[in-house]
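Below, chain A is the first sequence line, B the second, and so on; all start at residue 1.
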2 protein chains.
Amino acid sequence: MKRKATINDVAREAGVSKGLVSFALNDRPGVSTETRDRILTVARELDYQPSVSARSLSTRSSYAVGLVIARDPDILGADPFFPSFIAGVERALLTEGQALVLSVVGDDEHEAAAYQRLAADARVDGVFLTDLRHDDPRIPLLQRLGMPAVTLGHPETSGSEPADAPYPAVSLDDTPGVVAAVQHLIDLGHRRIAHVIGPRRMLHATRRNAAFVDTLRAAGLPTDLVVETDFTAAQGASATEHLLDLADRPTAIVFGNDPMAIAAIGVAHERGLRLPDDLSITGFDDSELARFVYPSLTSVRTDPLLWGEAAARTLLRLTTTGHADDVDLEPARVITRASTGPVRA
Amino acid sequence: MKRKATINDVAREAGVSKGLVSFALNDRPGVSTETRDRILTVARELDYQPSVSARSLSTRSSYAVGLVIARDPDILGADPFFPSFIAGVERALLTEGQALVLSVVGDDEHEAAAYQRLAADARVDGVFLTDLRHDDPRIPLLQRLGMPAVTLGHPETSGSEPADAPYPAVSLDDTPGVVAAVQHLIDLGHRRIAHVIGPRRMLHATRRNAAFVDTLRAAGLPTDLVVETDFTAAQGASATEHLLDLADRPTAIVFGNDPMAIAAIGVAHERGLRLPDDLSITGFDDSELARFVYPSLTSVRTDPLLWGEAAARTLLRLTTTGHADDVDLEPARVITRASTGPVRA
DNA sequence: AGATTCTCCTAAACCGGTTCAGACCACGGG
DNA sequence: CCCGTGGTCTGAACCGGTTTAGGAGAATCT
């Protein structure tokens, strides 16, 4: 196999200095059209591809972005959000010659370490901040590290300033989806509705629960049935057990993700309950499986693929131009299926 | 924020040349113990971290490994194999200062391009080869690119030579799992057993089907019920529909992954069948959800986490030492749950 | 015509490591 | 006393790009 052509090869072949080749390839002014064309032709002939590592060293940027996922592998496997999100990211990176560096860590401690390593090694030019938390420690951490980032959704505006968010936010508003799901249940006649949410420290869990509570309250209904979980199917199942054991048990349960809702269907069946007659269930994220379980699962559809793509585009814009505007995607909406129905007379 | 310390800073501070610092840090001979200690101390004091890009440029290696996944995002999301596998990979990379570069592509065409980009940009020192195919085109491609790799499972030995596999294989034998699952069904009295497999071009699909067929044949049972799918829940569902519509329909179905099996449970319920009385079902990979669907799913357990870890270790050994032995992990075994039962009298 | 400006280009420094040839020194042997 | 020899260290080249200072020559201005 021939050695890869370097910028020197191109320069020699084109009869110019390598500095000029660099100028021509990055189309910067100061190169005559004629010479530029000749250089580009030679580069094409030699199948010249600039060396990423040389360029990284010289420009101090890595032409890659990072994603750190802090979730237990088990949850990760069950939850289709990240794979789709990553596929979307990839779609945006592909055309830009950028790469995605992925880090999967079990807990928060390793999470901080992962960001620090990414920064220390200058592996990436920017990162995605998913699963935002309250007073998210990653934001000051990243600022200290001088690492550009894009947040999925708006972080808490801790200060009084509304515009003190240090990073552009790419948001997919999930509250309309939650509101629609809850309203759907209310319209079906449900009065005792429970909410099984993800970890409270995650912003979206509390935000969705706020939407849940608001909607119930507006309808004059009780809002006391909220159970926090870690997003695993296991905890979704035990939360369901708990709720069904209550004296004044709910007739409908809203779940924070599909795996938990599917586990709940299992629990209900196990108890001989009929769905949706005895219990209505809704999921979140509308994974592929939602259409195929029995009864098919009413779920709130977000679009992780699109979200990933938009987030990646925004991050690239930020790292290359130094600025990127917030992006708002189409809000989540409920997809009604067979797991929700009128409350039994 | 202070600028990061470079090797020059360490050299100056320790009063030696930067070449010697390099020697000391990579503990190579030719540095006196005394000097070495002094250099290491200074390095620690300055919190010196070698620059990955500088080192990459100089050594022509990137200290990262690559994973290219060619699956439709939807399937990816439903199938918990890759997230767990990646988590395992990560666990092995963490301690070695290596990073994982991930590429998710939709189809084979983009897949080849992804490998080529990884190689052309020298982004990674080696890659994982998952979902091996018949006459896998990626093997000659990677050889042409001079890219080290580790295969998950043994590739087809196309030639007569048994040891012509160009890459070390990290294998988790799935046939014992399949055999056990099928035997389990036979023991329960099933005589018409179907197999819903993944894409035939994938080696593991045909290998598992061979195990399936062999086991049935050994018991003198018919082996005609095999349906090929793309691993999606959707095709799992339609395969089930098809099988149940047959005049001489199976009493048990073995599925190639859990999402398809779960979709099959949905279809069966939809038709008013009772599980496992009217139909027994087994899955594959034993995802978290398997325990929580109703009835809980008998599945074949592999260990993607462990697999990922072993594969990563092997790949690192290969890229650093130039050689790595094959690794054989604990074979897959069947986990019996409630979705399989005696055939109805 | 001479000074100024502009365009196009070259040479060299630089990014931060690795590696190699050879300098320097102490030591033991002849 | 001189000469290898071995251990320790320096200096410089090198990896392959980017960037800056400045030079040559043509065009424009005065």
What integer distance in Å separates [X]:[atom1] from [N]:[atom2]?
X: B/I39; N: D/dT8; atom1: CD1; atom2: C1'; answer: 11 Å
X: B/L20; N: D/dT10; atom1: CG; atom2: C1'; answer: 9 Å
X: A/E34; N: C/dT7; atom1: CD; atom2: P; answer: 17 Å
X: A/R38; N: C/dC9; atom1: CZ; atom2: C1'; answer: 11 Å
X: B/D37; N: D/dC9; atom1: CG; atom2: P; answer: 11 Å
X: B/K4; N: C/dG16; atom1: NZ; atom2: P; answer: 9 Å
X: A/L25; N: C/dC9; atom1: CG; atom2: P; answer: 14 Å
X: A/R123; N: C/dG16; atom1: CZ; atom2: P; answer: 17 Å

Test B/Y115 against B/R138 for side chain to side chain contact (heavy atoms under 4.5 Å, CB included), laying out the working first.
CA-CA 9 Å; B/Y115 283 111; B/R138 295 173 296 175; 3.7 Å; yes
Which residue, A/D108, A/D135, A/D131, A/D136, forms the salt bridge (charged side-chain N to carboxylate O under 4.0 Å, His left out) with A/R201?
A/D108
Assuming nearest nucleotide by heavy-atom distance, tell me which of A/F23 and A/K18 is located more 5' along DNA chain C.
A/F23
Identify the residue among B/L329, B/D328, B/D326 that makes a side-chain contact (heavy atoms from CB on, under 4.5 Å) with B/S171.
B/D328
Strictly by modelled atom types, are B/S53 and B/S56 linked by a side-chain donor-acceptor pair under 3.5 Å?
no
Mind checking whether B/F81 and B/F85 have parallel, tilted or perpendicular rings, split at 30° and 60°?
parallel
Heavy atoms under 4.0 Å, any strand shown: does B/V16 hit a base, just sugar-phosphate, or nothing?
sugar-phosphate
Classify A/S22 by what it touches in the nucleic acid, base, sugar-phosphate, or nothing, heavy-atom distance under 4.0 Å.
base
Quick one, A/P168 and A/L318 - any side-chain contact, counting heavy atoms below 4.5 Å?
yes
Tell me whether the OP1 or OP2 atom of [N] has a side-chain N or O from [X] closer than 4.0 Å.
X: A/T6; N: D/dC15; result: no
X: B/R28; N: C/dT18; result: no
X: B/N26; N: C/dT18; result: yes

Tell me which residues in residues 45-61 of chain A put a heavy atom below 4.0 Å from DNA chain D, sorted by number, or none.
A/Y48, A/Q49, A/P50, A/S51, A/A54, A/R55, A/L57, A/S58, A/T59
Using the side chain to side chain contact (heavy atoms under 4.5 Å, CB included) rule, take A/L141 and A/Q116 through it: C-alpha gap first, then chi angles, then the decisive distance, then the call.
CA-CA 8 Å; A/L141 171 64; A/Q116 262 153 350; 3.8 Å; yes
Taking the nucleotide of DNA chain D with the nearest heavy atom to each, does A/I7 or B/G19 sit closer to the 5' end?
B/G19
